Amino acid sequence: MPRWHPAGAKDFPPVPRHGAPLMAESDPQISAETAGATDEVVEAELEHSEEERASIRAQRLGKVAALREQGVNPYPYRFDRDRTISELREEYGSLEAGEEVEVSVRLAGRLMLKRDQGRLTFGQLRDRSGEVQLFVSAGVIGKEELAAFNDLDRGDWIGVRGTVMVTKKGELSVKVASFELLSKALRPLPDKWKGLADVDARYRQRYVDLTVNSDARRVFEIRFAAVDSIRRELASRGFLEVETPLLHLQQGGATARPFITHYNALSMDTYLRIALELPLKRLLVGGLERVFEIGRVFRNEGIDTRHNPEFTMLEAYEAFADYSEMMDLTELLVSQAALAATGSMVVTVRDVQIDLAPSWRRVSMVDLISETLGVEIHPSMPIEQARKILDGLGLTYKPTWGSGRCTHEVYDELVEHTVIAPTIVFDHPRETSPLAKPHRHDHSLVERFEVIVDGRELANAYSELNDPVEQLARFRDEADLKAAGDPEAGDVDLDYIRALEFAMPPAGGLGIGIDRLIMLLAGVESIREVILFPTLRPEAGLSDADFPSA
RNA sequence: GCCUCUGUGGCCAAGUGGUAAGGCAGCGGACUUUUAAUCCGACGAGCGUGGGUUCGACCCCCACCGGAGGCACCA
């Protein structure tokens with residue numbers, strides 16, 4: 001238990017004061033002016049204005065050089081911190097205004113704010129856990145050390161040692177007994193009140209965004225907590241987390257245009273993966289039974305508020321299960337992630353409250369179309385009839401489309417975006433779902449569902465196709481499309497077929513777009529807000545000229 | 001790829017044909033309980049880049065570069 005006692009008591013002996021005037025030593029122009037010689041004054045004024053005109057970066061480089069001259073390393077190697085700021089707050093948060101504790105603490109962090117009061121300076125120190133005020137008094141550390149503290153800049157990393165106190169106004173503070181510079185910032189932090197507003201700069205210099213914008217930190221805290229929750233939930237159910245190759249020899253697992261790269265040692269092109277599916281299902285063949293991967297996939301497509309060329313997918317596969325177990329699993333993973341990340345299963349997107357708690361509505365695609373539009377369309381109906389329905393709805397279609405594709409089109413264009421509350425839309429047309437297992441009762445359908453929240457697809461799941469003969473036939477259809485010029489069509493993955501021929505157990509599979517889940521949980525509208533370093537075009541104008549050495 | 005909007009000192013931000021407000025930070029000074037501290041003082045940009053129109057352009061036009069949103073495309 002910490003012992004507290006009234007303010008005023010000191011943990012550290014007062015630092016002896018040094019008689020030297022504060023600025024005289026470090027400010028040559030002042031001594032020059034007081035010297036009175038005309039030439040010297042003119043020279044000093046010149047020097048003075050030059051100093052003022054120097055860029056902030058040049059001034060800081062000057063400070064770095066000055067420190068080195070004094071034998072101080074502006075970039076030392078380590079600091080012994082004994083607690084984080086949030087730990088400090090937990091321990092001493094109940095102190096009353098004016099109280100002080102005779103315990104020395106050692107904190108490290110970034111100096112975010114400085115308030116110079118003359119013989120007293122307040123600082124604001126931030127570490128990863130929070131912020132705390134620094135109370136830096138000449139009476140404690142002496143004039144010289146106070147001057148040195150005042151010479152620090154916003155953005156510098158520092159370590160401090162001191163006692164814990166609460167000011168008259170009730171602010172928990174560390175009364176600094178000593179401090180050291182841990183890393184000197186050469187560039188100034190953005191406006192202390194407005195922060196960094198320019199979105200371009202926020203994405204390119206995410207380090208600055210994270211430093212000054214608490215909203216940015218909040219989004220990524222949500223992201224880390226949500227992903228952590230998903231991992232724990234899956235692990236607790238016996239799912240094994242695995243890592244599979246990013247470099248693929250064949251294009252497959254989804255329909256998307258891939259990035260192609262070249263592997264010199266083998267003198268061949270390889271694809272960056274567009275999905276996790278096929279390697280994971282090979283592991284089901286291998287008997288791992290429950291596997292998942294959370295990983296980056298790459299699609300060579302455009303960038304917009306919902307698409308980044310590299311993004312994060314969760315895929316999970318469970319042997320002996322079908323898509324109905326995947327429905328339960330999806331509800332569980334998403335609702336628990338929301339709870340872990342935000343403290344609530346209710347999220348707010350554009351002022352709309354959405355409850356992610358189980359159980360979600362479950363409705364078949366054709367029923368949902370019927371309910372929303374009053375239109376009865378079904379993948380099994382004659383194509384002429386389906387076309388009439390699309391005509392009636394003002395939708396266009398291609399001559400190659402069957403009734404399944406037409407049904408899906410109605411759903412995509414007119415229904416999906418109207419679904420706000422989390423909804424499991426199941427039994428998709430077989431025609432538009434080449435990787436799912438045919439429906440056990442209706443072969444115009446497949447056992448597939450998507451989860452729609454706020455009008456957007458959040459998850460996609462199947463009863464996985466494990467019939468090698470049918471899989472090969474579907475691969476060949478795709479290969480024909482690719483040969484005909486469709487860049488999104490996949491290759492025939494003969495090794496995958498061979499794997500299926502060793503028999504893959506019946507299984508349910510689930511994919512969740514992690515970035516979109518985080519958007520939902522954080523209530524943000526752009527995928528770039530949930531990706532630390534979103535893909536951007538090369539920055540214009542940044543050059544060596546921006547980095548003069550002195 | 002197309003359309004609309006947008007780019008002003010380190011950051012925020014006004015100005016939209018007549019020769020660049022203001023704030024923050026930085027610099028000098030005052031101040032031992034501030035919390036976007038306050039007060040005083042001095043300083044800093046020719047307005048994304050390149051052309052063009054004009055007596056004159058940050059403001060108008062064109063192209064290019066970066067960014068945002070939308071469309072197309074895409075799960």
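Worth knowing before you read on, the calculation uses all heavy atoms, side chains too, and leaves out hydrogens, waters and symmetry mates. If you're wondering where the values come from, they're calculated on a predicted model, not measured in any experiment. Proteins come first, then strands; the chains are lettered A, B, ... in the order of their sequence lines, and each starts at number 1.
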### Task
May I ask you to verify if any side-chain N or O of A/Arg528 is less than 4.0 angstrom from the OP1 or OP2 atom of B/A68?
yes
### Task
Could you tell me whether A/Arg115 contacts a base, only the sugar-phosphate backbone, or nothing, with contacts defined as non-hydrogen atoms closer than 4.0 Å?
base
### Message
Between A/Arg296 and A/Glu310 (salt bridge meaning N to carboxylate O under 4.0 Å), is one present in this structure?
### Response
yes
## Note on the structure
The answer to which of A/Arg306 and A/Asn460 contacts RNA chain B further toward the 5' end, by nearest nucleotide, is A/Arg306
### Message
Return the pairing partner of B/C58 with a 3.5 Å limit on both distances, Watson-Crick or G-U wobble; otherwise return none.
### Response
none
### Message
Counting only side-chain nitrogens and oxygens, does A/Arg537 get under 4.0 Å of the OP1 or OP2 atom of B/G66?
### Response
yes
### Query
Salt bridge or not for A/Glu464 and A/Lys437, using N-O below 4.0 Å?
no
### Task
Determine, for A/Glu331 against A/Arg362, whether the closest basic-nitrogen to carboxylate-oxygen distance falls under 4.0 angstrom.
yes
### Message
Which is it for B/G18, anti or syn, if anything within 90° of zero counts as syn?
### Response
anti
### Summary
Regarding the side chain of A/Ser137, the nearest nucleotide among B/G70, B/G67, B/U32 is B/U32
#### Entry: C1'-based separation of B/C55 from B/A14 [nearest Å]
28 Å
### Any donor-acceptor N/O pair under 3.5 Å between B/G70 base and A/Asp304 side chain
no
### Minimum-distance nucleotide (side-chain atoms of A/Thr305 versus B/A25, B/U33, B/G70)
B/G70
### Query
Taking the side chain of A/Glu488 as heavy atoms from C-beta outward, which of B/C74, B/U33, B/C27 is closest to it?
B/C74
### Task
Mind checking A/Asp191 for me? I need base, sugar-phosphate or nothing, with any heavy atom below 4.0 Å counting as a touch.
base
### Paired nucleotide for B/G66 [Watson-Crick or G-U wobble; both distances under 3.5 Å]
B/U6
### Query
What does A/Ala256 touch in the nucleic acid at a heavy-atom separation under 4.0 angstrom: a base, only the sugar-phosphate, or nothing?
sugar-phosphate
### Task
Report the base-pairing partner of B/U32 (Watson-Crick or G-U wobble, both distances below 3.5 angstrom), or none.
none
### Query
Over how many whole Å does the gap from A/Glu413 atom CD to B/C71 atom P extend?
11 Å
### Task
From the options B/C74, B/U33, B/G26, select the nucleotide whose nearest atom is closest to the side chain of A/Gln59.
B/G26
### Query
Hey, which of these two, A/Lys194 or A/Gly170, hits RNA chain B nearer its 5' end, going by closest nucleotide?
A/Lys194
### A/Tyr317 and A/Glu315 side chains, donor-acceptor separation under 3.5 Å
yes
### Message
Can you classify the ring geometry of A/Phe149 versus A/Phe179 as parallel (below 30°), tilted (30 to 60°) or perpendicular (above 60°)?
### Response
perpendicular
